[in-house]
Amino acid sequence: MKTDTTDCQLTGWKDDLHRHPELGLDLPWTSAYIRQALEKTDAQILEPMPHAVAAWFDFGRESTLMFRADMDALPVQEQTGAPCTSLVPGRMHACGHDAHMSILLGFAQSLAERTECACNVLLIFQPGEENPGGAKLICETGILEQYRVKAAFGLHVWPNLEAGTVGVRPGPMMAASSEVDITIEGRSVHAAKYREGADALQTAADLVGSIYRREAALSPDVFRLLRFGLLQAGTIRNVVAGSARLEGTVRAFEPDVFQGLKDMILSMARNAQVHSGCRIGVHFSDGYPAVLNHPGLTGKLLDSMPDLVRLEEPEMISEDFSFYQQRVPSVFFFLGTGTGIPLHDPHFDVPPSVLVQGVSFWNRVLDVMTRKESGFSGEL
């Protein structure tokens, strides 16, 4: 089947998807739109889980390469003023997933033009990247094993790279993350009688300060992050706070560092409980694993694409693409937008030219991976 993916078509897909943002795993409009667009190719269209869409391009090979786009939006009120502004109040594609889907749709059109390929190709349009981690749910369906996926690739638009530039690094790319909630139950009394109470606010403040000092004393050579962004305590100015709550995030790349930060928080919370007279509870969310790019695959692509930017340091934000990496060798890339507007910002948008670059890049990755000299023969 011959198709023609134009700049206007890519922009049209992106604008349509941008106007209709949906959250989490509940993406009925988005999944129907993706399915309808894919029906114009000769791919076999699959539904590995509700509101997920996959496209299987069967070239009669033993092995398959997988490419993924995430689909969900964010609970953000858009402020771009663009003609394609979200039609849903309080929801917006502020993380570029509309662009990711459009790029993968364009790649699907390119695949439909190929008469042969040295591998099969599976495209996955995945819900729930922001929450609760749709990649893990996709993996649990067994689709990677069913379609003999030997390697997987994903990308994310990135504001701080020049528009159209692609960046990558072997090994650590994005951090493992876990949310930490600390609850402190003290004893409320009038401020004039504060010695008779147990001050939850003071305990919270002291605990944060102690944790920060301990974390800062760790080796500067180890990439990690431990910060609190919320402290709530008390009801009125002249009464000792009877309760407090801290909410923060823990991020790292190496499992022992990640667990070490958690253990440190637990130990210091126990110590604070003994000395403050307050009851302290600590809870960590499961979070996402670290995005760790396969060194061999990443090196092969860096060697074959001189214009790829080798990133010096990993990023402390997280991505559920890491769940695919636990199943098959994988590489995750950043595609520059050049705007400098941060992800999740209500003004975030992706220039149309970046979509064209994204489709071109996926075709180049496929070409590199399927060259005879690349060594890809279904085993990596």
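Throughout, numbering of the chain's residues begins at 1 and tracks the sequence.
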**Student:** Rounded to the nearest 0.5 Å, what's the gap from CD1 on Ile184 to CG on Leu201? Could you check?
**Tutor:** 9.0 Å
**Student:** When rounded to the nearest 0.5 angstrom, what distance separates CD in Gln126 from NE2 in His97?
**Tutor:** 9.0 Å
**Student:** At what distance, to the nearest 0.5 angstrom, does CZ of Phe348 lie from OG1 of Thr337?
**Tutor:** 5.5 Å
**Student:** Looking at every heavy atom in both Val240 and Asp199, which two are closest together, and how far apart are they?
**Tutor:** CG1-CA, 3.5 Å
**Student:** Would you say the side chains of Tyr33 and Asp16 form a donor-acceptor pair under 3.5 Å?
**Tutor:** yes
**Student:** What do you reckon, is CD of Glu47 surrounded by more than 12 foreign heavy atoms closer than 6.0 Å?
**Tutor:** yes
**Student:** Are Arg187 and Glu196 ion-paired here, with the side-chain N under 4.0 Å from a carboxylate O?
**Tutor:** no
**Student:** Would the number of heavy atoms belonging to other residues, nucleotides or ligands and lying under 6.0 Å from CZ of Arg148 be above 12?
**Tutor:** yes
**Student:** With sequence neighbours excluded, what pairs up with Glu185 under the side-chain hydrogen bond (donor to acceptor under 3.5 Å, both in side chains) test?
**Tutor:** none
**Student:** Regarding Glu78 and His93, is there a side-chain donor-to-acceptor distance under 3.5 Å anywhere?
**Tutor:** no
**Student:** Output yes when Glu39 and Arg35 qualify as a salt bridge under the 4.0 Å nitrogen-oxygen rule, no when they do not.
**Tutor:** no
**Student:** Checking side-chain contact (heavy atoms from CB on, under 4.5 Å) against Val350, which of Val157, Ile341, Thr339, Leu335 comes through?
**Tutor:** Val157
**Student:** Looking at Glu215 and Arg213, is there a salt bridge between them, counting it only when a charged N and a carboxylate O are closer than 4.0 Å?
**Tutor:** no
**Student:** Would you say the side chains of Asp349 and Thr80 form a donor-acceptor pair under 3.5 Å?
**Tutor:** no
**Student:** For a quick test of reading the model, state the closest non-hydrogen atom pair linking Asn293 to Arg169 and the distance between them.
**Tutor:** ND2-O, 2.9 Å
**Student:** CD of Gln36: more than 12 outside heavy atoms within 6.0 angstrom?
**Tutor:** no
**Student:** Would Val359 end up clustered with Phe57 when hydrophobic side chains under 4.5 Å apart are linked, directly or stepwise?
**Tutor:** yes
**Student:** Please work out whether the ring planes of Trp158 and His156 are parallel, tilted or perpendicular, with thresholds of 30° and 60°.
**Tutor:** perpendicular
**Student:** With a sphere of 6.0 Å drawn around CD of Glu140, does it hold more than 12 non-hydrogen atoms of other residues, nucleotides or ligands?
**Tutor:** yes
**Student:** Closer than 4.0 angstrom, basic N to acidic O: yes or no for Lys136 and Asp286?
**Tutor:** no
**Student:** Could you verify whether a donor N or O on one side chain and an acceptor N or O on the other, from Arg251 and Thr249, lie under 3.5 Å apart?
**Tutor:** yes
**Student:** According to a 4.5 Å side-chain heavy-atom criterion applied to Ile, Leu, Val, Met, Phe, Trp and Tyr, with indirect links allowed, do Val291 and Tyr288 form part of one hydrophobic cluster?
**Tutor:** no
**Student:** Evaluate the salt bridge (Lys or Arg N to Asp or Glu O under 4.0 Å) criterion for residues Glu116 and Arg114: first the C-alpha distance (whole Å), next the side-chain angles of each, then the deciding distance (0.1 Å), finally the verdict.
**Tutor:** CA-CA 5 Å; Glu116 63 178 30; Arg114 292 179 182 250; over 6 Å; no
**Student:** For the residue pair Trp362 and Phe333, does the interplanar ring angle fall in the parallel (under 30°), tilted (30 to 60°) or perpendicular (over 60°) class?
**Tutor:** perpendicular
**Student:** How far apart are the C-alpha atoms of Met264 and Leu226, what are their side-chain angles, what is the distance that settles it, and do they pass the side-chain contact (heavy atoms from CB on, under 4.5 Å) test?
**Tutor:** CA-CA 11 Å; Met264 182 187 75; Leu226 198 176; 3.5 Å; yes
**Student:** Let me see the working for Glu62 and Lys150 under salt bridge (Lys or Arg N to Asp or Glu O under 4.0 Å), right down to the final yes or no.
**Tutor:** CA-CA 10 Å; Glu62 286 298 315; Lys150 299 300 181 183; over 6 Å; no
**Student:** Would you find more than 12 non-hydrogen atoms of other residues, nucleotides or ligands less than 6.0 Å from Glu162 atom CD?
**Tutor:** no
**Student:** In chain order, what residues pass the side-chain hydrogen bond (donor to acceptor under 3.5 Å, both in side chains) check against Asp307, with sequence neighbours excluded?
**Tutor:** Arg364
